[in-house]
Amino acid sequence: RLSFGRTDPAKLPIEKKMLRLCRPLFADASKSQTLYNVIVGKQGLKDGVPVKDASICAIFGNDWKKDFQEEVSSLPKAEQTAAEMYLKRLELTRYTRTELTHLGILSQGPGMVGPMTEAHMMKAGKARLEELMAANGKEGGVTAFKEEVAKEGAYVNWTPAQCNAFAEKIATA
């Protein structure tokens with residue numbers, strides 16, 4: 001039986017730890033205001049935790065972008081434009097330095113990271129599917145590929161629908 005009130009913080013599950021990493025800048029700040037302040041740099045995360053896509057998802061949940069957009073929509077146009085720049089910068093933290101540089105994802109500029117990443121994932125996914133089909137036969141390879149995509153997708157907060165759509169896109173390409 002777990003008793004979170006009496007356990008050592010080092011033994012807490014990651015969800016409980018991450019919620020403790022963010023303190024509101026003001027006592028009456030709402031969740032969306034705090035999210036906005038963290039993303040635009042008005043406040044940092046506790047203990048110097050870097051502001052990355054993974055940290056924001058862990059603290060504010062997977063639908064944090066909707067909350068952020070709601071908060072930004074009430075701001076003046078100039079601040080909305082600045083907030084969009086911060087959001088694009090934050091989205092780059094989903095990728096490793098190797099992905100951004102060596103794989104050529106940044107070769108078309110920061111605005112093309114999404115399409116370049118998708119092109120790279122399609123190419124790598126097709127190669128992996130061919131490996132699995134050579135080892136397990138056509139049907140076994142496709143099944144093994146879909147299982148791998150579901151497993152890897154869970155690591156990056158993809159929904160099962162996103163995993164299935166990506167696997168089908170690769171299998172039919």
Side-chain angles (χ1 to χ4, degrees), residues 12-126 128 148-170 173:
L12 287 174
I14 189 70
E15 299 86 23
K16 295 285 184 182
K17 285 186 211 173
M18 293 305 286
L19 289 175
R20 294 179 181 198
L21 292 178
C22 185
R23 290 185 186 150
L25 189 59
F26 306 104
D28 60 344
S30 70
K31 177 181 172 183
S32 59
Q33 288 171 326
T34 303
L35 172 64
Y36 173 78
N37 289 337
V38 168
I39 290 176
V40 300
K42 290 183 180 178
Q43 95 180 61
L45 297 176
K46 185 177 171 188
D47 297 330
V49 172
V51 178
K52 301 189 312 183
D53 186 69
S55 301
I56 298 296
C57 284
I59 295 168
F60 295 99
N62 289 335
D63 59 343
W64 65 267
K65 285 184 184 177
K66 182 182 72 153
D67 296 337
F68 182 73
Q69 293 300 338
E70 288 173 7
E71 183 67 26
V72 168
S73 66
S74 65
L75 299 173
K77 188 69 174 165
E79 288 185 39
Q80 287 181 6
T81 305
E84 290 301 320
M85 285 186 357
Y86 283 109
L87 186 62
K88 287 178 184 174
R89 183 181 298 161
L90 181 67
E91 287 177 0
L92 288 176
T93 64
R94 296 183 341 191
Y95 307 101
T96 64
R97 181 174 37 174
T98 301
E99 290 171 328
L100 291 173
T101 56
H102 297 293
L103 302 178
I105 291 174
L106 264 179
S107 64
Q108 302 293 319
M112 293 294 291
V113 169
M116 293 294 290
T117 301
E118 184 176 347
H120 173 72
M121 286 176 30
M122 292 291 292
K123 186 171 134 184
K126 189 68 175 167
R128 181 63 181 150
E148 271 191 27
V149 169
K151 181 180 174 185
E152 292 292 325
Y155 294 144
V156 293
N157 296 323
W158 280 12
T159 64
Q162 288 174 308
C163 294
N164 289 336
F166 179 73
E168 287 298 323
K169 191 174 183 179
I170 297 286

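In this text the structure is predicted, and so the values were computed from the model without any measurement.
Looking at E152 and R128, no side-chain N of the basic residue comes within less than 4.0 Å of a carboxylate O on the acidic one, giving no salt bridge.
Tested against Y86, the residues I39, V51, V38 include a single side chain to side chain contact (heavy atoms under 4.5 Å, CB included) partner, I39.
Here the CD-CG distance, from E70 to L35, works out to 10.5 Å after rounding to the nearest 0.5 Å. Rounding to the nearest 0.5 angstrom, the gap separating the CD atom in E118 from the CE atom in M121 is 7.0 Å.
With a 4.5 Å cut-off on side-chain heavy atoms, E84 and Q69 count as touching. W64 has its side chain within reach of D53: a pair of non-hydrogen atoms, C-beta onward, lies under 4.5 Å apart. Side-chain contact between F60 and T34: present, with at least one pair of heavy atoms (C-beta onward) separated by less than 4.5 Å. For the pair K65/E91, a side-chain contact is recorded, criterion being any heavy-atom separation below 4.5 Å from C-beta on.
For the pair T93 (side chain) and R89 (backbone), a donor-acceptor distance under 3.5 Å is absent. Under a 3.5 Å cut-off, the side chain of E79 and the backbone N or O of V72 do not form any donor-acceptor pair.
Here the closest non-hydrogen pair linking C163 and V149 is O-CG1, 3.4 Å. M122 and F166 get closest at one heavy-atom pair: SD-CE1, 4.2 Å.
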Q: Apply the test side-chain contact (heavy atoms from CB on, under 4.5 Å) to residues F68 and I56: give CA-CA distance (whole Å), side-chain angles for both, the deciding distance (0.1 Å), then the verdict.
A: CA-CA 11 Å; F68 182 73; I56 298 296; over 6 Å; no
